[in-house]
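For reference, the structure is listed below as structure tokens.
Just so you know, these numbers use all the heavy atoms, side chains as well, and skip hydrogens, waters and symmetry mates.
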Amino acid sequence: MMRRFARVMLAMCLAVAAGFNAQAQTKPKVTTSGPDFPKAALFVGNSFFYYNNGMPGHLSFMERAADADNKAAYRNTMATIGGSGLDWHDMDNLLRPGGIGAYSFDEQNNVVFNKPGRQFDAVVMMDCSQCPIHPQLKDAFATFAKKDSEIVRAHGMRPVFFMSWAYADKPEMTEALAEAYTLAGNANDALVIPAGLAFARVRKLQPELNLYAPDKRHPSPAGTYLATCVTLAALTGRSPVGNSYATGLDAETTQLLQKAAWDTVQEYYGR
């Protein structure tokens, strides 16, 4: 165990010294969701969100662990369609008053009726895994990123984009996706969550740690946990390092993923 830990630490030091090549060429304009950090978010996307019992649910547990004094305020839910792009979702309908988010469940599984009106602080959007860089679909990504951002703001919420990751067997997707999402974020004055860059970082730090399901596309439990850590850091401004929520992963893996997520967010936002 100690030898493995030493190898991990050495790999992290070497990777930091060498730098990470996988980056968006364009720098993000929006680098924080604060000072009024969102506590309730709707995640609109596809199976990358709903795999492993849903990343937004894991995020709620991690947020509550990070801010126990206000844990009742944190809640996240998702509206997902397998294989979908943003153009498959009716954003205006998803955000209708009295619809999604009108009630939720507390830690004892009791139904809680939320205050009427604006049900979420932010809406986190992800296109299909190829759409932002696909020659026939990238224009639709740009179009619906703008359209949906306007709808989200019209409902009094903040638009956020979730940068997805490259396929396990196509790592070259990373930089193209990073650039596409960063450009969309800049064009719409929206925060971008750099999950794809965190996947690339961990694959360099610890190549034997599997972040993918057998299809090489969807996330393994470790991949979902990494995405959760990045999202916590980006949305709340809090470091995931030391967070007590580990969703069943061993301590060494948890530590690696938490630190990689935090380092990725700090680097992407230029802090």
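The pair Asp169-Arg217 counts as a salt bridge, with a side-chain nitrogen and a carboxylate oxygen less than 4.0 angstrom apart.
Taking the six-membered ring where the residue is Trp, the centroids of Phe48 and His218 are separated by under 6.0 Å. Taking the centre of each ring, Phe49 and Phe162 come in below the 6.0 Å mark. Ring pair Phe141/Tyr181: centre-to-centre distance below 6.0 Å.
Gln119 places a side-chain N or O within donor-acceptor distance of the main-chain N or O of Gly117, the cut-off being under 3.5 Å. Between the side chain of Ser47 and the backbone N or O of Tyr50, no donor-acceptor pair lies under 3.5 Å. Judged purely by atom type and a 3.5 angstrom limit, Arg64 has no side-chain atom pairing as donor or acceptor with the backbone of Phe61. No side-chain donor-acceptor contact under 3.5 Å links Arg75 to the backbone of Ser104. Between the side chain of Gln258 and the backbone N or O of Asn243 there is at least one donor-acceptor pair closer than 3.5 Å. Although no hydrogens or angles enter the test, the distance criterion places a donor-acceptor pair under 3.5 Å between the side chain of Arg203 and the main chain of Ala168. Asn46 places no side-chain N or O within donor-acceptor distance of the main-chain N or O of Gly83, the cut-off being under 3.5 Å. The closest donor-acceptor contact from the side chain of Ser60 to the backbone of Asn76 lies under 3.5 Å. The backbone N or O of Ser220 lies less than 3.5 Å from a partner atom in the side chain of Asn52, making a donor-acceptor pair. Between the side chain of Arg271 and the main chain of Thr31, a donor-acceptor pair closer than 3.5 Å is present.
Tyr167 meets the ring pair (Phe, Tyr, Trp, His ring centres under 6.0 Å) test with no other residue; sequence neighbours excluded.
You'll find the side chain of Leu257 reaches within 4.5 Å of the side chain of Leu209, heavy atoms only. Using a 4.5 Å heavy-atom threshold, the side chains of Asp121 and Arg118 count as touching. Cys128 is not listed as a side-chain neighbour of Trp88, based on a closest heavy-atom distance of 4.5 Å or more. A heavy-atom distance below 4.5 Å is not found between the side chains of Val30 and Val192. Annotation: side chain of Asp67 is not in contact with side chain of Glu63 (no heavy-atom distance under 4.5 Å). Between Pro159 and Asp148 the shortest side-chain heavy-atom distance does not fall below 4.5 Å. Counting heavy atoms from C-beta on, the side chains of Asp189 and Arg153 come closer than 4.5 Å. Taking 4.5 Å as the limit, some side-chain heavy atom of Met163 sits within range of a side-chain heavy atom of Thr182.
With hydrophobic clusters built from ILVMFWY side chains whose heavy atoms lie under 4.5 angstrom apart, Tyr245 shares a cluster with Leu249. Linking ILVMFWY side-chain heavy atoms closer than 4.5 Å, directly or via other members, places Tyr212 and Tyr51 in a single hydrophobic cluster. Leu235 is not connected to Tyr74 by any chain of hydrophobic side-chain contacts under 4.5 Å among Ile, Leu, Val, Met, Phe, Trp and Tyr, and they are in different clusters. Leu226 and Trp262 fall into different hydrophobic clusters, where Ile, Leu, Val, Met, Phe, Trp and Tyr are joined by side-chain heavy atoms under 4.5 Å apart, directly or via other members. Residues Met126 and Met78 are members of one and the same hydrophobic cluster, defined by side-chain heavy-atom contacts under 4.5 angstrom among Ile, Leu, Val, Met, Phe, Trp and Tyr.
The neighbour count for Glu107 CD, taken as heavy atoms of other residues, nucleotides or ligands under 6.0 Å away, is above 12.
Between Ala200 and Thr174, the closest heavy-atom pair is CB-CG2, 3.9 Å. Across all their heavy atoms, Thr32 and Phe37 have their closest contact at OG1-CE2, 3.5 Å. Between Leu95 and Val123 the shortest heavy-atom distance is CD2-CG2, 3.9 Å. In terms of heavy-atom proximity, Ala233 sits nearest to Pro240 at CB-CD, 4.1 Å. Residues Phe105 and Val111 share a closest heavy-atom pair of CE2-CG2, 3.6 Å. Across all their heavy atoms, Ile133 and Ala180 have their closest contact at CG2-CB, 4.3 Å.
Aromatic ring orientation, Phe199 versus Trp165: parallel (interplanar angle below 30°, classes split at 30° and 60°).
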Discussion item. Using side-chain contact (heavy atoms from CB on, under 4.5 Å), reason through Ser164 and Met173 one step at a time and then give a plain yes or no.
Written reply: CA-CA 10 Å; Ser164 57; Met173 292 172 63; over 6 Å; no
Worksheet item: Run the side-chain contact (heavy atoms from CB on, under 4.5 Å) check on Arg201 and Val230 step by step: do they pass?
Response: CA-CA 12 Å; Arg201 178 182 291 265; Val230 178; over 6 Å; no
Practice prompt. Any chance you could lay out the side-chain contact (heavy atoms from CB on, under 4.5 Å) test for Gln130 and Leu137, step after step, and finish with the verdict?
Written response: CA-CA 8 Å; Gln130 297 183 40; Leu137 297 172; 5.9 Å; no
Practice prompt. List the steps and the verdict of side-chain contact (heavy atoms from CB on, under 4.5 Å) for Glu179 and Thr26.
Written response: CA-CA 6 Å; Glu179 183 70 5; Thr26 302; 2.6 Å; yes
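Exactly one of Leu211, Thr264, Leu197 qualifies for a side chain to side chain contact (heavy atoms under 4.5 Å, CB included) with Val202. That residue is Leu211.
Side-chain atoms of Asn53 and His58 form no donor-acceptor pair, as typed in the model, at a separation below 3.5 Å.
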